Each structure stands twice: as C-alpha cells, then as structure tokens.
There are 2 protein chains.
Amino acid sequence: MVKNMTTSSVRTSVTLADVAALAKVSTSTASLAYRRTGSITERTRARILAAAAEIGYAGPNPTARSLKSGRSGIVGIIVAGTVRRAFQNPVAMATMSGLSEALDDLDVGQLLLSHRSESGDRSARLLDGMPVDAVVFLTRGEEFDGLLPSMRARRIPMVGVEGPHEEGVTLVDIDDASGMAVLAGRMRDLGHRRVGVVMRATRIDANGPPGPLSSVDADFDSISNRTIRERLRAVASVFPDAVRVEAGGRELDSGEIAAGRLLDAASPPTAILAQNDMLAVGALRAAEARGLQVPRDLTVTGFDGADIPLLDRRLTTVEQPLHDRGLQAGRMVGELLAGGSPSSIVLPVAFREGDTSGPPR
Amino acid sequence: MVKNMTTSSVRTSVTLADVAALAKVSTSTASLAYRRTGSITERTRARILAAAAEIGYAGPNPTARSLKSGRSGIVGIIVAGTVRRAFQNPVAMATMSGLSEALDDLDVGQLLLSHRSESGDRSARLLDGMPVDAVVFLTRGEEFDGLLPSMRARRIPMVGVEGPHEEGVTLVDIDDASGMAVLAGRMRDLGHRRVGVVMRATRIDANGPPGPLSSVDADFDSISNRTIRERLRAVASVFPDAVRVEAGGRELDSGEIAAGRLLDAASPPTAILAQNDMLAVGALRAAEARGLQVPRDLTVTGFDGADIPLLDRRLTTVEQPLHDRGLQAGRMVGELLAGGSPSSIVLPVAFREGDTSGPPR
DNA sequence: CCGCACCATCGAAACGATGCGATTCGCATC
DNA sequence: GATGCGAATCGCATCGTTTCGATGGTGCGG
C-alpha cells in the first residue's frame, strides 16, 4: 500500500492491494491471479496481471507468503568451519554436488551456513534467525551439537551426513570403519608389518606442524571426531603396532610434512595408510622428495575415493559413494518436507586397488 | 498460539503469545525480552525467558520478524549453470571465498541460487520466491539478463562480478582486455608470430568435441559472453593472424583436446595463448603427450592466476585479484544494505611471468 | 418461468511478530 | 497523603499475503 507519498519521495513497495485497487477487484481476487488453486476467470486474471505490470508489481512478497503458509522454501546447509574451506575439500564438494542436484529438483533454495566453534554464539544466532524449512549437516563436526536444541524446539527437520549421531537427526552414514578394516587387511595380506598412519588434523582450523609420532591406538577417547576416531580404530584392529602422526593442517603440504616424519624415523614403515586421499597425495610427495618409488619402495593408501584433479596416479583407496550420499540426504529432505519420516541409512564403501600399493620390498 | 489441540495431536508452533500468557505479561513485553532496544526489567526478562524455556519456545519466528522489518538478512548468490560446476571452477571459488568472508562479517545468510537458461522460468520463479535483501551475480552469464526486471521491480539491490553490464547493477569489473593485451604484447616481444588461441566453450554446459580452427577475429559479435569476447579481441589486436579453437567443454580434457588440434595442424603455433588457466594446463598436457618441452618447444600461457592444486609448474599468466573482487562485491552489498550507493569499480590485473613461456625455438 | 447449483468474487480473519503511543507503576519529594 | 516523573508495561494497528466462508449472479434443467 502506498502510504508515504510525501514530496521526499519515500515510497514503500507496491503491494497486492495496490494492484487490486487498480484492477478494481478485491485483494483476495488479486491473490487468486497468482495461485494455481482457486477459480478465477481468465479475463479477470489478465486484467489483474495488466494492472500489476502497470504499477510495477513483481509478484507476491515472499516473506508474507511464508508467514501465511508456514514455509519458506529454504533448506539450510550447514558446514563446519568456513564456507571457503568446505568447498576446497573434495569430499564435501562431491557430497554437495549430489545434495544440490536433489534439492534443485525439490525447487527449494539452498542457504549456506557455516558454523565454527569459536564464533559459536554468533553463527548459532544467525541460524536461529533464518527461515529454513529443514537443515542438512553437510560435514561432520562436533560443534553442531550445540545447534540441535533450538532446531528441535522449532521443529525443523534435520538431516546429517556422517553425523551428528543425535536424536532427531536422520542420518546418511558411511560404513567407513569396516572399509578401513578391509583396506588394512589387504595391506597385511600383502605382507606389510611396519605401518604408518597419517591422520587428519583433529581441529578443523588447524594450521601448524604435525603432531608427535605415537602409537596408533593412543588415547582414542580424546578424539572427538567420530569419523577420524573410527577409521583409526579400524587400522588399530589390524595393525596394533602401527605408528601414527597427526597432520598439522588441512592443506596438501601438511600431509607431506607429516608423512615425512614417518619416513624419516629410525625404522620407517613399508606402508603409509593415510586417512584420506589428500593426505595420501601428500605422502606420495614426501616419498618422491626422498627418492622412494611408489609402490616399489613404499605403499601409500588413501580413503574416500575423491576426485583429485591433476593426479596422474590411481590411488589405492576405499571409495565412498560421495555423490550418492548427497543425493540420499536430499531425498530425505524431500521426504521430511512432505511430512514423511525417512529412516537413517548406512551406505557401503568399496576397496579399490590402484597403482600405489604392493608388497613390501 | 496453540489452536489445534485435537486428539490427533496436530500442534501448530509455540508463539510469543503463548510465552506471554504463561509469564503473565503482554506480548509486547514478551517481545522486549528478545530485543536489544527498549526497556525491560531484568526480573521480567528472566521470567519471560523461563516461561519460554518451559514451553519450548525457541525465539521469535524469523519470517514474522522479516515481514515487520522488511528485511530477511539473506543475500542471494547467483551462479550460472549449476552450483556444482560453479564450485569446481577455481575462479568462481576464489571469488566466492572473498565474498563469503565479507558476507560473514555482515551477519547475513548466503543463499545459493543457480540459473541456467534451459530451465529459465523455473529458476527465475525460484529466485522470485526467495526473500533476499540483495543479490550478487557471482559469475558472468548472459542468462542473468532475464532476471533483472523482476529484481528491479522489487527494488532488490544487485551487485555483479564482471557483469551484467546493465542499469541498476553495481559492478566489480576486471580490466581483462588490457591484461590480455599486455600478455600478448610480451609474447610478441619474445618473438612469437605463429600463435594459437584456446578459448573457453561459449555455452556454459558444453560437452563435446572442440570447434573448428578459425581465424582469431572470426565473428566476434556472435560471442555473447563479454568476458570471452573481450579477451579474444585483445589477442586479435596484437596477433591478427592467430588461429583459434573453442574447447568443447569445461573439463581439463577438453582443453587438452582443443590444444591438440592446434598442435597437430600443418604449421603449429610456437605459442598457445589459453584463455584461462585450466585450459592452459590442458595445453601443457597436450604438449607433453606430443613430446614437446615447455617452454623450449612451445610457450603456453593462461589467464586468471587461479590457484591450481597439484600443478608443479608456474604458469605464465595474468593474475586477477580473485579473492579481492569477492571482497569488494561483499563490501558493496554491505553499503547497499546500509542504504548507500557504492559506485562500480574496475580492478586491475597483472602480468605474471612463469616458467611456461620463452622465445620460439 | 422458477428454482437450484455452481462459480467468480468478496470481506474478514488469520499468520507471528514489532513498535508506537498510551497507560500504569514505583518511588521520591514536598 | 498528594504530586510529579521516568521507567516499565500494555493495547492495538500493522507488515502483505492467503484462505475460509459468505454472497451474488449466471445459466440450465424441469
């Protein structure tokens, strides 16, 4: 409704009521012109749309519509850390790709939200202020647990990829523990006995030197990230004597440096089991820098089966259905929005033998 | 307000009025408990928050709040094609990274919207139904032009990176034509005369064989993408006799195949000027596949200065301030939301000499 | 030629919160 | 105990739309 037609030209926006007035119909009829349901003459509809065009009405105000309908048509996608880092991560990216594909088909908007523990309050408040119909936790992060109570109170359906394992969250889980166990088993069958493990930084924003060498099964309980913990536990079940080192950051370089620590030790491993593919690429570099040929002098394995551009080798790894888990998460969102209650699922993984593994020298 | 306390347990959500009733205050006072402005006793606020906790009220409904305030706190980020592809593109990603950084500081949500021409209507309707306070066109795409009228009608401020060059869009532009001209000039100074150009696919969703070899200045006007066109024109101004080929797709492979066409021609070029860094990497591969050493046997240049992981060479290219243009776009959004009217800017680019260029053999 | 059904249109009440102006409260002062 | 004043609280209109039930008009069958 145009109210402030003052000389200072402060104009509020054009509303449906203005259109109705111009077309000489009631606002309820004018509303009909924009909906699929309800009956209205083609003639009146045309008249209304003409009036709308005349005064520059661009269609119903989304906010008002949402208020009435109780739906915003927006799905929140929550990533740990920052948006930037999430999208540099090939695993998150592949999952996102599947998710986007599914959400596109649902005709919903995708609202990207990052949540990091440091700025906990702030990003939690941001999420609380957003009109989302559902949320998806795209990556695993313990910091998400703090967001759950308010989502529950607002009855916003939640879907999680790999977590959080909490009440009210429909999960797309990955059977990575057994995948890692299979991989480790194969390496043992090949004859490896001295094994090193490069694990991911436990803090998502880590950036520094790698941690000290330690026993693979040291202090599991202090590792709060479930995914990291379970993968490690799987290796420990096969190689209880393995040595592990934690990468200092998330970049390729951190993986290379951490792997270097293992290789420079007094009795270096014959196989390095990196806990993800990026770390494995770092390990390949560390090997190359030391004149070691893979797989002749050293076996290197990864995990995830992510697509790493420009890598000309075929990594021995465990493939996750990355794109598919995004799709599944999207499907769940669809079902939840339709009022259903999909059940959580666990997706399988598959060992993939590449050209970076072989018997110990 | 709990209305439907039917036995079928259909409950609408808890509202501020419920909280107020329980705390025995008016809704306006209850509202005060959640705002920063206005005066309210600490005692009453505590009582209200306690009541809220008791019946599980999670704070004011974002949609209702938006309706009153006229603001959603959401900024739309529009990419051409699909979300997936946008984030596989290092240039878009770097820009997004700067943009996200700036928007994070503004405490606004980031709504990702993709728009492709095929599904024009559909994605336009999606955008129209979204409660955004401003939009950013993250990548250049002609298909965006169709979105402008309705954004203008709704008076939603628009910021564009490299376009669209249309009224009402505040631009962060890049001086790439002159950057490309400088690069081409250097190559001429090095002595190159037979030059090949690998240009990007003009259709964003292209996926097929490369186009035919043609004269560099053939049919400029049919190239609707301004960025592609202007870069090409800059090369043509220095090397009017250059030969060009259009890559068949956006993947690395397409660049390699297209560059191969140039190299396999009767009189192959001594320098390949790829129109972006990914294409240049493709050209490097094509050279390697043919036993050509770069830069001894062939010069290869790129454009963008994007960070390409796993590339161990230093590409000769033109560096754009990618992160910065995202930051600038974010700053503009901030000013627009604050009621200001920032002016468009043109950011400079810089020639960077790497180890992929040299005099012709 | 009358009555009935049906359909287009309308009026008014939500949706859930906020903010203005009015009212009441608490307390100090005379 | 009456008065004054600022602070705390309240009532109500409002944001722009959708939707429900009511109303009036048209056309058709009996």
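Just so we're clear, the structure is a prediction, and the values are computed from it rather than from any experiment.
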Legend entry - Pair partner, C:dG19 [Watson-Crick or wobble, under 3.5 Å]: D:dC12
Short side-chain N/O contact to [N] OP1/OP2 from [X], under 4.0 Å:
X	N	answer
A:S28	C:dA12	no
A:S69	D:dT18	no
B:T27	C:dT18	no
A:T41	C:dA8	no
B:R65	C:dT18	yes
B:S39	D:dA8	yes

Could you check whether any side-chain heavy atom of [X] comes within less than 4.5 Å of a side-chain heavy atom of [Y], counting everything from C-beta outward?
X	Y	value
B:V172	B:M332	yes
A:D133	A:V108	no
A:P62	B:R154	yes

Inset, instruction - Measure up the A:Y57 and A:Y34 rings against each other and bin them: parallel (under 30°), tilted (30 to 60°), perpendicular (over 60°). - result: perpendicular
In whole angstroms, how far is the [atom2] atom of [N] from the [atom1] atom of [X]?
X	N	atom1	atom2	result
B:R154	D:dT17	CZ	P	11 Å
A:L67	C:dA14	CG	P	14 Å
B:I40	C:dG19	CD1	P	14 Å
B:R71	D:dG16	CZ	C1'	18 Å
B:R43	C:dC25	CZ	P	15 Å
A:L16	D:dT18	CG	P	7 Å
B:I48	D:dC10	CD1	C1'	12 Å
B:K24	D:dT9	NZ	C1'	16 Å

Inset, instruction - Measure from the side-chain N and O atoms of B:S344 to the backbone N and O of B:T170, and report whether any donor-acceptor pair falls under 3.5 Å. - result: no
Inset, instruction - Answer yes if the side chains of B:R325 and B:Q328 hold a donor-acceptor pair under 3.5 Å, and no otherwise. - result: no
Inset, instruction - For B:A64 and for B:L32, find the nucleotide of DNA chain D with the closest heavy atom, then tell me which residue's nucleotide is more 5'. - result: B:L32
Nucleotide nearest [X] (side chain, heavy atoms from C-beta), chosen from [options]:
X	options	answer
B:N61	D:dT9, C:dG16, C:dT18	C:dG16
B:T29	D:dT9, C:dT18, D:dC15	D:dT9
B:S26	D:dC10, C:dT9, D:dT14	D:dC10

Legend entry - Sugar-phosphate only, base, or nothing, as touched by A:Y34 at under 4.0 Å among non-hydrogen atoms: nothing
Legend entry - Any N/O donor-acceptor pair, B:K68 side-chain to C:dT18 base, under 3.5 Å: yes
